[in-house]
Amino acid sequence: MPEPGATPIPFTVIGGFLGAGKTTLLNRLLVAPHGRRFAVLVNDFGSVDIDGRLIVAHGGDTIALANGCLCCSIGDSLATTLLDLLERPDRFDHVVVEASGVADPGRIADIGGIEPRLSRDGVIVVVDAADVRARAADRYVGDTVLRQIAAADLLVLNKRDLVEDAEATTLKTWLEGIAGAVAVVEARHADVPLAALFGLPPGADLHPAAPACEPAFRTWTFATPHPLSREGLVAVLDALPSPVLRAKGFVRFADSPGRRALLQRVGRRSRLDDEGAWGLGRLVSEIVVIGTPDMPSDADLAARFETAARPVVDAAVLSATLDRTR
Amino acid sequence: MSRTVIYRARRIVTMNPGNPFATHVAVREGRILGAGSLEQLAGWGAHDLDERFADKVLLPGFVEGHSHAFEGGVWQFPYLGYFDRAGPDGTISRGLRNIEEVVARLREVEKAMPRDGSTLLAWGFDPIYFGGRRMDLSDLDKVSTDRPVVVIHSNFHVLNANTPVFRKAGIDRSTNVHGVVKDATGEPTGELQEMTAKFMAYKAAGVQLASLLSDNEAVWRFARVAQLAGVTTATDLHNELPQSTVDGYLEASAREDFPIRLLPAFAAGLVPLAEVPDRLAGLVKRNNEKLRFGLVKIVTDGSIQGLSARMRWPGYYDGTPNGVWNVGPDEIDRTLLAYHRAGFQVHVHTNGDEASEVALNAIEKALAAAPRWDHRHTLQHCQMADASQFRRMKALGACVNLFANHLYYWGDVHYEKTLGPERAERMDACATALATGVPFAIHCDAPVTPIGPLFTAWCAVNRLTASGRTLGEAEKIGVADALRAITLGAAWTLKLDDEIGSIETGKRADFAVLDDDPLTVDPTRLKDVGVWGTVLGGRVFEAPRRA
């Protein structure tokens, strides 16, 4: 168990109907050379297909990998499996749960809201480009599929190679009609930009294989020494278009210039958490934005974010700054 | 040769239509030589005449076709329900009629606990009878402001906790999560629902809860609660059967004084399909007289009162969106077919009528792929089925086990909120099952409702709700039919009708010993007929006298 006050572990739920490609995506995540320790909870161990050479230990309900990742079988209770995981002495960088093919992943993500050792990172829903419309019209499971799509912070349009471009465009419009202005990542064989989905450090070599459909993603960084206006930043974030997949960074707000806020955005959902005093760190707000190639240009993004960072000089900011330099 | 004992009774109701009533029953080697008069039975040779049941009425031991050994687990925690309920030692936990009584009961329990900050966990709470008043943080803070207190509702899908639990979890007004109930001002009320409730319950009492099912004592407590109600055979109708549980059940059932025959149903879907039929076949080889592996359970949907049942059009009466699949239709088809092919009998949990339809589709497809006689796949609960679905059951050779206790405990909610009048009045349609010729049983689903077949039969006969409303005059059945449903009917749905379920030559000497004759008491008093105890395989189990 981590010591009290330890940073919560990002918690991601992968949803999607049976056969959409969740397991393929998770198999990729487990073995990609991302240098981070993922704990992945899956429904069916049998479908996890990991090269035996990468496995260092195979317990009854867990598979430990050489890269530090761990795969756990959910068994009859997600709650107990997750709690057992959090009690393990090893510390993970990210916890990912595979929702069952008929589950509402949004409900599972709720756990991230009541467990202090976890922080809800996002709900990623994988859909089968060739099949999702038929599933959504199915008499018995249609509403289940639509509920899953509506719960997504970020959608993976998988098996993109099975449909024509025009159809993909129609599909995306249809998906946005259900999920709102949600980010949609196209993929083939669930080959997705992992950094965009799971917020890995940009620059890591995450995509050794040839890109599936198009270049994986772009990143852009915003840094400013000026305290930001809280309302201004929230407005900028709310207005970001769906090709922006993630944003993460530390923010210094003008209304609390001595404190550090953590910004995390997955798909269209942003959250800001107070992280306490800046301590001895540099007093610089820094936000990394990750998106598809369709996201606004660097110049456009810079213009947007700078509106939130108009220099503010007031007594509170000044004294907080001076306090630290004294 | 073992001793022959002839029991004399005031009356014996045999459930054997060729010999419906008797005064004596002869028992040898744990089995029935015959029922009849003393003269008729004396022909079996030397015997001891046992008169202890001379003023009692014997029925075949009751068969509970849908219960869970979890009932034995929950009794290690205090019970907070609205209705009186008998525990494993026969003492009655009095029903608590308002939140103040619940709090007072919890304070008593809290005082007796060690001062070590351990969690106080209680179960069975049901606020639907409290006129709209819900429990909140301040109620449970009166129990303790430092010890975590967690109260699990009777549906096992909702819980209440006190401030220490919420503080430790960091849940406050800024927590924006679906399952955290908030009041009009945006403050959490102390109630958690569904996934968040489940998670918090395990978190608060994980070790204790996890041990409930593998705890050897739990299966004994379950067996005793069942025995007190006249039950001689009970199912544990959803168990993933880890080795520890298998060992515990084998050990318990080998004991002479274990008071029931236990039928665990393997929880399909938790283990990859390819491995299971073999594993289950291996378990079947270890069966003994009091323990029978071999049943399989598939859970398709949620519950009606939990608003998670899968319903056909037009769905919930109050407009709530359709419920959730536990496993999807494709997986139901695949799982059922795999066990069907391997020769097992599958029990399918279906609360809503769409779930029943999907289960019937799966049975139909399995039969087309692999024709099989007398499979007796059984729809469990099947609360919303209409006449056409019963006709399909009949055509497909399926059985049904109807959740008659629901009529009483949730009938009012179904009438007013979930189903509306017309569907509420036809729910748990015993008369339709009878008219259609679908073999049927009725059940309690303990610990969801208390185990008590005479109460369950009373529900099917009177169809009264907790508020006193008659729910569906047309679906009432007679006392004799209801008694058959809790004996031979249930035995049929478990493929044990050759062994138990009636008092006739060759069957096991399993009896319910009653203080009164359920066929002559006023049908509205059926639930009040006293249970003296049971006889299981010729061994007498007297229930402890109740307080």
Side-chain angles (χ1 to χ4, degrees), chain A residues 4 8 13 17-19 43-48 60-61 73-84 86-87 97 99-120 135 138-148 150-151 269 271-274, chain B residues 165-171 174-180 188 192-204 206-207 209-210 213 238-240 242 267 269-275 300-301 308 310 312-313 315 321-332 334 354-355 357-358 361:
Chain A
V13 181
F17 205 75
L18 211 66
N43 288 296
D44 181 3
F45 240 12
S47 62
V48 178
D61 302 318
S73 165
I74 290 173
D76 74 330
S77 164
L78 171 62
T80 47
T81 310
L82 196 52
L83 285 163
D84 286 349
L86 292 171
E87 294 300 323
V97 169
S100 89
V102 288
D104 180 345
R107 295 289 81 87
I108 297 172
D110 287 343
I111 293 173
I114 60 158
E115 171 51 60
R117 289 169 289 181
L118 298 173
S119 82
R120 185 195 197 279
R135 291 286 191 185
D138 183 272
R139 173 174 176 188
Y140 298 123
V141 298
D143 62 325
T144 302
V145 171
L146 294 175
R147 243 179 251 182
Q148 290 173 346
R269 178 194 288 260
R271 64 182 274 176
L272 285 159
D273 292 306
D274 180 56
Chain B
V165 173
F166 272 58
R167 197 187 304 125
K168 202 169 155 205
I171 301 172
S174 72
T175 307
N176 197 9
V177 166
H178 172 82
V180 176
L192 297 177
Q193 300 179 341
E194 297 299 329
M195 185 58 89
T196 57
K198 204 165 169 184
F199 185 81
M200 191 58 76
Y202 276 105
K203 188 174 170 179
V207 183
L209 276 179
L213 290 171
H238 191 260
N239 196 317
E240 61 179 313
L270 298 178
V271 183
L273 215 44
E275 305 170 14
T300 66
D301 68 343
S308 53
R310 287 297 308 190
R312 294 189 297 185
W313 191 90
N322 207 347
V324 292
W325 291 110
N326 184 58
V327 293
D330 294 348
E331 218 171 328
I332 295 167
R334 207 167 36 246
E354 187 180 71
E357 178 172 308
V358 163
N361 293 349

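We name chains A, B, ... by the order of the sequence lines, and we start the count at 1 in each one. What's counted below: heavy atoms across the whole structure, side chains too, no hydrogens, waters or symmetry copies.
Of all heavy-atom pairs between Pro116(A) and Lys203(B), the closest is CD-NZ, 3.7 Å. The two residues Trp325(B) and Thr144(A) make their nearest non-hydrogen contact at CD1-OG1, 3.6 Å. Nearest heavy atoms, Lys198(B) versus Ala79(A): O-CB, 4.2 Å.
Contact annotation for Thr196(B): both backbone and side-chain heavy atoms come within less than 4.5 Å of a heavy atom of chain A. Using a 4.5 Å cut-off between heavy atoms, Asn326(B) touches chain A through its backbone atoms (N, CA, C, O) alone. Of the two parts of Arg147(A), only the side chain, counted from C-beta on, holds a non-hydrogen atom closer than 4.5 Å to a non-hydrogen atom of chain B. At a 4.5 Å heavy-atom cutoff, Asp301(B) makes no contact with chain A through either its backbone or its side chain.
For the atom pair CZ of Arg269(A) and CG of Asn176(B), the computed distance is 7.5 Å after rounding to the nearest 0.5 Å. With values rounded to the nearest 0.5 angstrom, Glu357(B) atom CD is found 3.5 Å from Tyr140(A) atom OH.
Taking Asp274(A) as the reference, Arg259(A) meet the side-chain hydrogen bond (donor to acceptor under 3.5 Å, both in side chains) condition, with sequence neighbours excluded.
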Atom pairs and distances, side-chain donor-acceptor, residues 104-114 of chain A, under 3.5 Å, sequence neighbours left out:
unit_1    : atom_1 : unit_2    : atom_2 : d
Asp104(A) : OD1    : Gly106(A) : N      : 2.9
Arg107(A) : NE     : Asp110(A) : OD2    : 3.1

- Message: What verdict does the side chain to side chain contact (heavy atoms under 4.5 Å, CB included) test give for Leu83(A) and Phe199(B), after you've listed the backbone C-alpha separation in whole Å, the side-chain angles of each residue and the deciding distance to 0.1 Å?
- Response: CA-CA 8 Å; Leu83(A) 285 163; Phe199(B) 185 81; 3.7 Å; yes
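Residue with the most contacts toward chain A among Glu331(B), Met195(B), Glu194(B), Arg312(B): Met195(B) (heavy-atom pairs, distance under 4.5 Å).
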